[in-house]
Number of protein chains: 2
Amino acid sequence: MLLHQPDVLQGALELLDEDGLDGLTMRRLGARLNVRGGALYRHFPSKEALLDAMAEQLLEGVADADRPHDPWPERLRFLGRHLRQKLLTRRDAARVVAGTYTSGPNTQAVGRLAFQILSDAGFKPSQAGALHFAMFHFVLGHVIEEQAAAALGPEHDWAARIMKDPGYRGDLYQETLLELAKASQEERFEYGMKVFIDGARAQVGDL
Amino acid sequence: MLLHQPDVLQGALELLDEDGLDGLTMRRLGARLNVRGGALYRHFPSKEALLDAMAEQLLEGVADADRPHDPWPERLRFLGRHLRQKLLTRRDAARVVAGTYTSGPNTQAVGRLAFQILSDAGFKPSQAGALHFAMFHFVLGHVIEEQAAAALGPEHDWAARIMKDPGYRGDLYQETLLELAKASQEERFEYGMKVFIDGARAQVGDL
DNA sequence: ACCTGAACACCGTTCAAGT
DNA sequence: ACCTGAACACCGTTCAAGT
């Protein structure tokens, strides 16, 4: 049976989920699709183009959750949450999206929505632009870290090693990092979003 | 003349500057040091270990600029600025630091300082931890983007391509992204820092 | 102790030739 | 039009053998 672009994209996303970004090679993707690696170049001109298409797919629907009549801080919080949730559905998704510089429709829709929300809030275009970038840096950075920690797995026993370190006892910084790794990542995410949004509200005199 | 660890590290940083992270391979680094690639494994157990050492070196001195008697928002802004400046001194430095999970002395000192400043401001450990991560995500994301744009170079003529797009005229979002790319990155960085810091101040009742 | 030479097990990508 | 087979120009890493 012949392969088509959507099959390759679908297979790539499945392989990403199973083996992670480092395990995603053209040869292995070919094998999964019963084809040699070189054959994939009939469907995508390069691995980079495939990764761009994957990033696009990973952002599908993220911009659809807006409630335009809610207050802007809620809309922004919602968008951030939705983006994080979507990225968490697929292994290494945040790294794929961060490592790509596409302007496909989904990518644009997400950026546009953040920009729109901030414009509605009263920010000047240059400010809305700066802030929408800052927000994506926060979300992507946060989820990259979450997914990197998940990949190490609980067996890495990072905690136990730190505990044994003689310098650990009474080191509030190390202790806190340890607690943070074990605590709810969602809670930490929400706190970051709140600080960001409160900072934005302060600019606009809404705080 | 025999090679030692510091020579390899120094050579790696120079090669990074000249050829970027993608151009940094063990074989090419060996060639630059008049040695075969395999010989480097006498000095670093893996490329990853070398990259960790590079990240450490890239953060040297960043935590030394603190003025403990200044108000905490100024201290935080200073640290963020200093980190950005340091990362900008070497090509792809932000990608190297972001892609690495060391806890060498310099890396720790930077994290510890941010944590200390936030603790002094009155944040609980878990909050200070969450915020210091958020701040690094912002700074690293910002500088990665700056350095990626710099690598494309002005000849990429991204601007001209967008201008030709029939959908461009009157598209405030695209227009703004374009302006943002041409505008002062420092200004955009400062604005992001201000929003973040004002958000933090709001949590602590200082706003 | 450090380096060479050579290999192992891979990469992304290209392209004539087959169907 | 799509795929195979085979190659090209690389990777990171290992290791016996040399000095």
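Every chain is numbered from 1, with letters handed out A, B, ... down the list of sequences.
Between the side chain of D19(A) and the backbone N or O of L16(A) there is no donor-acceptor pair closer than 3.5 Å. Proximity of a side-chain donor or acceptor of R28(A) to a complementary backbone N or O of G23(A) within less than 3.5 Å is detected. A donor-acceptor pair under 3.5 Å links the side-chain atoms of D171(B) to the main chain of Q174(B), judged by distance alone.
The salt bridge (charged side-chain N to carboxylate O under 4.0 Å, His left out) analysis of residues 123-137 of chain A, with sequence neighbours excluded, yields no pairs.
Counting heavy atoms from C-beta outward, R84(A) and E186(A) have side chains that approach closer than 4.5 Å.
Atom CD of E48(A) has 12 or fewer heavy atoms from other residues, nucleotides or ligands within 6.0 Å.
Residues from residues 25-45 of chain B that place a heavy atom under 4.0 Å from any atom of DNA chain D, listed by number: T25(B), M26(B), R27(B), R28(B), G38(B), Y41(B). Applying a 4.0 Å cut-off to non-hydrogen atoms, none of the residues of residues 8-24 of chain B approaches DNA chain C.
With sequence neighbours excluded, the residues that form a salt bridge (Lys or Arg N to Asp or Glu O under 4.0 Å) with R32(A) are E14(A), E18(A).
Using atom P as the reference point in both dA9(C) and dA9(D), the two lie 23 Å apart (nearest Å).
Between F136(A) and H132(A), the two ring planes are perpendicular [angle over 60°; tilted spans 30° to 60°].
With a cutoff of under 4.0 Å to any heavy atom of chain B, the contacted region of DNA chain D is bounded 5' to 3' by dC11(D) to dT14(D).
Annotation: cation-pi pair R81(A)/F189(A) absent, no NZ/CZ under 6.0 Å from the ring centroid and within 45° of its normal.
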Q | Check against ring pair (Phe, Tyr, Trp, His ring centres under 6.0 Å), Y173(A) and F115(B) | A | CA-CA 7 Å; Y173(A) 179 61; F115(B) 183 78; 5.3 Å; yes

Q) Pairs counted as Watson-Crick or G-U wobble with both distances under 3.5 Å: what dot-bracket string results for DNA chain C, using | for bases tied to another strand? A) ||.|||||...|||||.||

